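Worth saying up front: this structure is predicted, and the values here are computed from it rather than measured. In listed order, ligands and their atoms are each counted from 1.
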Amino acid sequence: MKHLLSLEKLPLADFETILRDAKVFKKERGAHKTQPLKGQTWAMMFSKSSTRTRVSFEVGIRELGGNALFLNANDIQLGRGEPIQDTARVIGRMTHGAVIRTFAQSDLETFAEFSKIPTINALTDDEHPCQVLTDIFTFEEMHGSIAGKVVTFIGDGACNMPLSWIFAAAKLGFELRIATPKEFQPAAEILKRAGGKIVVTEDLKAAASGADLLYTDVWVSMGKEAETAERIKIFNGYQINAPLVKLAKPGALVMHCLPAYRGKEIDAETFEANADTIFTQAENRLHVQKSILNWAVS
Ligand code: CP
Ligand code: NVA
């Protein structure tokens, strides 16, 4: 039984398989030779908002021959306090796989354990593995192998996006720089566990210097809305804008996992100047989700 719960636990060979097959799914959209989810129904249980992840999984499941059953966690009994263990045992007996977006990583892990069906992390507070797989796929599609390159993440260094990047860096052999205020540095224990070449700094300019990819994410992740005012003060200046892009390598890519808040983590002009990359990155969610689903049932 395969689960995609975190990039930390994903073996390198599986990274490579998912990235390789995503190319085929992209190329053959509309004419897939196989229907690996034929006859299957996949549950999509979401406790947080989503545009890209929801649409890409729903479309991807259908285009691979399966049915997607979207369950807003607040509409099912889970939202009224039914334990995750019981929800998992019910869904596991009726469906063939699950895509889960929730808060605690431990809830996702409990679901996988009790449901006994392939379970995919569609974002938790700790990780967003499907997004980083797509980001790497997009980088390699536009710029060649990511091995030996420099990826600079700017913004909240303790949220799900940089944490998934941290676990990818050591495995795929690129340097990761995280430019973040000291209050939002990733835990030292996580960096130690991941290994690899990772630099954490408050110095935005040093982090961007010579980078092959500048990457950012929202300052206020889902679930942290009560901290909005404080975060806006602390993250002020941690922005991708034209002067910062000038410090990166000529031709460096600028990516954003979206949704984007202009004037906060990226300015409007830089966003529009890089819209082709950013929306290719968004589109690639579909092709990579198909590859993840195919991997999960293979
Ligand atoms: N990037 C991403 O996961 O977007 P959604 O929250 O819209 O799914
Ligand atoms: N860090 C963001 C990612 C959104 C795709 C969040 O958790 O809201």
Side-chain angles (χ1 to χ4, degrees), residues 4-7 22 42 44-61 68 70-73 98-105 107-108 120-139 151 153-168 176 178-181 183-187 190 213 215-228 231-232 234-235 238-240 254-262 264-266 271 274-275 277-290 292-293:
L4 177 55
L5 303 181
S6 85
L7 288 188
W42 276 61
M44 299 189 35
M45 208 172 82
F46 280 45
S47 304
K48 294 175 175 173
S49 304
S50 174
T51 300
R52 284 143 285 271
T53 309
R54 176 177 175 174
V55 175
S56 57
F57 268 114
E58 287 205 29
V59 172
I61 289 166
F70 186 79
L71 301 166
N72 179 327
V99 177
I100 310 239
R101 172 167 285 201
T102 192
F103 294 86
Q105 181 76 15
D107 281 347
L108 173 79
I120 296 172
N121 179 352
L123 181 147
T124 62
D125 290 345
D126 286 10
E127 277 219 44
H128 197 2
C130 299
Q131 178 70 56
V132 169
L133 280 162
T134 297
D135 300 336
I136 292 168
F137 175 81
T138 307
F139 181 92
V151 174
F153 178 92
I154 292 143
D156 177 359
C159 78
N160 39 26
M161 287 306 312
L163 296 194
S164 285
W165 272 108
I166 286 169
F167 293 119
L176 178 64
I178 300 176
T180 190
E183 298 90 326
F184 289 91
Q185 293 190 352
I190 290 176
L213 169 62
Y215 194 102
T216 193
D217 178 17
V218 294
W219 289 348
V220 185
S221 283
M222 290 179 279
K224 304 290 182 197
E225 291 80 3
E227 300 170 13
T228 301
R231 282 172 174 255
I232 286 175
I234 296 175
F235 287 114
Y238 283 85
Q239 183 187 74
I240 302 187
V254 172
M255 289 193 192
H256 194 310
C257 57
L258 301 175
Y261 293 84
R262 275 85 158 166
K264 302 260 186 334
E265 72 276 3
I266 190 162
F271 184 90
N274 293 281
T277 304
I278 292 168
F279 290 103
T280 297
Q281 185 191 355
E283 179 204 316
N284 283 341
R285 297 294 307 277
L286 171 64
H287 313 301
V288 175
Q289 310 301 34
K290 285 182 182 169
I292 292 168
L293 290 161

Worksheet item: Which residue supplies the protein heavy atom nearest to atom 4 (C) of ligand 2, what is that atom called, and how far is it?
Response: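 Result: Leu123 CD1, 4.0 Å.
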
With nothing but distance in play, are any N or O atoms of [X] less than 3.5 Å from an N or O of ligand 2?
X: Asp217; value: yes
X: Arg101; value: no
X: Met161; value: no

Worksheet item: Is there side-chain contact between Leu258 and Phe271, with heavy atoms separated by less than 4.5 Å?
Response: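 The answer is yes; the side chains approach within 4.5 Å.
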
Discussion item. Do Phe167 and Val132 have side chains that approach each other closer than 4.5 Å (heavy atoms only, starting at C-beta)?
Written reply: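 They are not in side-chain contact.
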
Tell me the closest heavy-atom pair linking [X] and [Y], and the distance in Å.
X: Met161; Y: Cys257; value: CG-SG, 3.9 Å
X: His256; Y: Val218; value: CE1-N, 4.3 Å
X: Ile136; Y: Ala168; value: CD1-CB, 3.8 Å

Worksheet item: Are Trp165 and Tyr215 close enough that their ring centers fall under 6.0 Å?
Response: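 Centroid separation for Trp165 and Tyr215: below 6.0 Å.
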
Measure the spacing between [atom1] of [X] and [atom2] of [Y] and express it to the nearest 0.5 Å.
X: Gln289; Y: Arg52; atom1: CD; atom2: CZ; result: 12.0 Å
X: Lys290; Y: Ile61; atom1: NZ; atom2: CD1; result: 11.5 Å
X: Leu133; Y: Leu7; atom1: CG; atom2: CG; result: 5.0 Å
X: Ile190; Y: Leu163; atom1: CD1; atom2: CG; result: 5.0 Å

Item to complete: Sort out the contact shell of ligand 1: every protein residue with a heavy-atom distance below 4.0 Å, listed by chain and number.
Response: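 These residues qualify: Ser50, Thr51, Arg52, Thr53, Arg101, His128, Gln131, Cys257, Leu258, Arg285.
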
Using a strict cut-off of 4.0 Å, indicate which atoms of ligand 2 neighbour a heavy atom of [X].
X: Cys159; result: 1 (N)
X: Ser221; result: 1 (N), 2 (C), 6 (C), 7 (O), 8 (O)
X: Met222; result: 6 (C), 7 (O), 8 (O)
X: Val218; result: 2 (C)

Fill in: Residue portion contacting ligand 2 (non-hydrogen atoms closer than 4.0 Å) for Asn160
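It is the side chain that gets close, since no backbone atom is under 4.0 Å.
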
Worksheet item: Out of curiosity, is Leu258 lining ligand 2, as in a heavy atom under 4.0 Å away?
Response: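 Leu258: in contact with ligand 2 (<4.0 Å).
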
Practice prompt. Check salt bridge (charged side-chain N to carboxylate O under 4.0 Å, His left out) between Arg231 and all other residues, then give those that pass, not counting sequence neighbours.
Written response: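 Checked Arg231 against salt bridge (charged side-chain N to carboxylate O under 4.0 Å, His left out); matches are Asp156, Glu227.
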
